[in-house]
2 protein chains.
Amino acid sequence: MPTTALHNDVLDAVGRSITSGDVPAGAVLTLETIGSEHGVSRTVAREVMRLLEGLGLVRSRRRVGIVVLPMEDWNVLDARVIRWRLGGPGRDAQLRTLTELRHAVEPLAAAGAALHASDEVRAELVDLAARMRVLGVRGDLEDFLALDIRMHELLLRASGNEMFAALSGVVAEVLAGRTHLGLMPPSPAAEALDQHEAVARAVASGDAPAAETAMSAIVGEVRRALPDRPDEEAS
Amino acid sequence: MPTTALHNDVLDAVGRSITSGDVPAGAVLTLETIGSEHGVSRTVAREVMRLLEGLGLVRSRRRVGIVVLPMEDWNVLDARVIRWRLGGPGRDAQLRTLTELRHAVEPLAAAGAALHASDEVRAELVDLAARMRVLGVRGDLEDFLALDIRMHELLLRASGNEMFAALSGVVAEVLAGRTHLGLMPPSPAAEALDQHEAVARAVASGDAPAAETAMSAIVGEVRRALPDRPDEEAS
DNA sequence: ATGCCTCATTGGTAACACCTTTGGCAACCC
DNA sequence: GGGTTGCCAAAGGTGTTACCAATGAGGCAT
């Protein structure tokens, strides 16, 4: 809860209604309707609108109102937009594109971590991988998830690239969404546990290429486990 | 020019002063100072502050004011933040991290384009690569840049992943920054021209792995050409 | 068609009341 | 005396209302 509840509530409500497609592109809102719809004054409706404009969801034009923009204009990399879309009807497609993004970024981030991580981080990664194995074989999905998130976050933050680090929240949300949506097997695949340990070992020993390939295997596996896109070649 | 000039001017000014480190983390502003500093009312100062808050640059707290946040909290993937940082003193480091991001994303995007691009896009890519060779050997950097940007933008947009597509503006800015900052040889390397043609051919023929490796070569080459990282924080 | 007018709606300002938090100050207890 | 507690006042964001300016879409008249 960064700011006050008021703005966030209205922002969330309007943002969700747009990203869900409930209010389609081309639709026109006015400050008046936004305000009265949510019981706030025109001033805060304007601030909310500014935020939405900053996210590329709408564009305000004089005399006409606040027009909803098509998806091409959205800041789809923004954490709020991602969260809204993950909560809406496009959830599956969103998970797919995010997983592809992970596939692009996380291997390189792991390689970077192998080069730049502090000794503390290297040690924690090894520890995390070991504990993940324990929880994994036990089938304790919820606690496993927490460690999984922690591990990926650590790697991204230690990558030496703040662009990658900025994606750690997104990755966390993808991981959480995956297990809470029942897209995980009852107990993580042994291969996944192996690969997590491989990444931790590679980072700990500063072997960037090994970290990259191991991480690539992790994400690639997940990607394959996801519902295939309609027109993609059947694997 | 998304919104009105007024907001953008103030937003740019304050955003730049923060991202440049001119106003350090922990510094405290007030709506009053922002407003009077830039000759605007408190209301628009508040809207600007909300935007900055949305970008993770500041956080407003009652009774204390608007505190500048450390870089870890910034939305470094936002186009505005990137633009500000590219114009500031951290430009070189920013170019490095962005190039790493390109290295992560563009090969996968090219592979995606090989699978999903329309026939028109495939044809345009081949045409672009051919014209790039002509301009490249001629040493016409400015026109070459335009085609280069167009080609990368096309690939990202055709990748079938809106996350990748959302990065096309960023890539364009990196490419432009690179040539305008004199980081390009007087005439593009022959190998780069070859690889661009290879990408175009691979996408045209639907060969995703070839497109991926060729694009990886393009970005990897650029990455190597960049000044090696100067041990992070050397002022 | 062309040009002008109207008016809805955003852009921007000002003044106000409210609420939260901070920091000081004093009282109080050990 | 020193530290804890409690109260108070001011600072500054939060939210509202009222008001006017600018603008551009659509209609109307020529």
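From a predicted model like this one, the values you see are computed outputs, not experimental measurements. Below, read A as the first sequence line, B as the second, and so on, with proteins coming before strands; counting in each chain starts at 1.
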**Item:** Nearest-angstrom distance from the residue atom CZ of Arg62(B) to C1' of dT20(C)
**Value:** 5 Å
**Request:** Could you tell me whether the side chain of Arg102(A) and the main chain of Val219(A) form a donor-acceptor pair under 3.5 Å?
**Result:** no
**Item:** Ring centroid separation His152(A) to His196(A) under 6.0 Å
**Value:** yes
**Complete:** Residue pair Val64(A)/Arg42(A) against DNA chain D: nearer the 5' end by closest nucleotide is Arg42(A)
**Asked** Think Thr43(A) has a side-chain N or O under 4.0 angstrom from the OP1 or OP2 of dT14(D)?
**Response** no
**Prompt:** Just checking, any donor-acceptor pair under 3.5 angstrom between side chains of His116(A) and Asn161(A)?
**Reply:** no
**Message:** Rounded to whole Å, how long is the line connecting atom CG of Asn8(A) with atom P of dG13(D)?
**Reply:** 18 Å
**Asked** Of the nucleotides dG12(C), dT16(D), dG13(D), which one has an atom closest to the side chain of Val40(A)?
**Response** dT16(D)
**Atom-pair distance (CD on Glu32(B); P on dA14(C)), nearest Å** = 11 Å
**Asked** When the distance from CG of Leu52(B) to P of dG13(D) is rounded to whole Å, what number comes out?
**Response** 13 Å
**Prompt:** Ser60(A) side chain N/O closer than 4.0 Å to the phosphate oxygens (OP1, OP2) of dG11(C)?
**Reply:** yes
**Message:** Using a heavy-atom cut-off of 4.0 Å across all strands, would you classify Leu29(A) as base, sugar-phosphate, or nothing?
**Reply:** sugar-phosphate
**Fill in**
Separation of dG13(D) atom C1' from Glu47(B) atom CD, nearest Å, is 15 Å
**Request:** Calculate the interatomic distance between Leu31(A) atom CG and dT17(D) atom C1'; express it in whole Å.
**Result:** 15 Å
**Request:** Scan Leu77(B), Val76(B), Asp78(B) and name whichever one has a side chain to side chain contact (heavy atoms under 4.5 Å, CB included) with Trp74(B).
**Result:** Val76(B)
**Message:** Using the side chain to side chain contact (heavy atoms under 4.5 Å, CB included) definition, which of the options Val14(A), Leu51(A), Thr19(A) pairs with Leu57(A)?
**Reply:** Thr19(A)
**Request:** Compare side-chain N and O positions of Arg46(B) against OP1 and OP2 of dG15(D) and report whether any pair is under 4.0 Å apart.
**Result:** no
**Message:** From CZ of Arg61(B) over to P of dA11(D), roughly how many Å is that when rounded to an integer?
**Reply:** 18 Å
**Prompt:** Picking from dG24(D), dG11(C), dA11(D), which would you name as closest to the side chain of Arg63(B)?
**Reply:** dA11(D)
**Message:** Strictly below 4.0 Å: does Arg50(B) bring a side-chain N or O up to OP1 or OP2 of dG13(D)?
**Reply:** no
**Request:** Would you mind reading off the distance between Ile66(A) atom CD1 and dT9(C) atom P, rounded to a whole angstrom?
**Result:** 11 Å
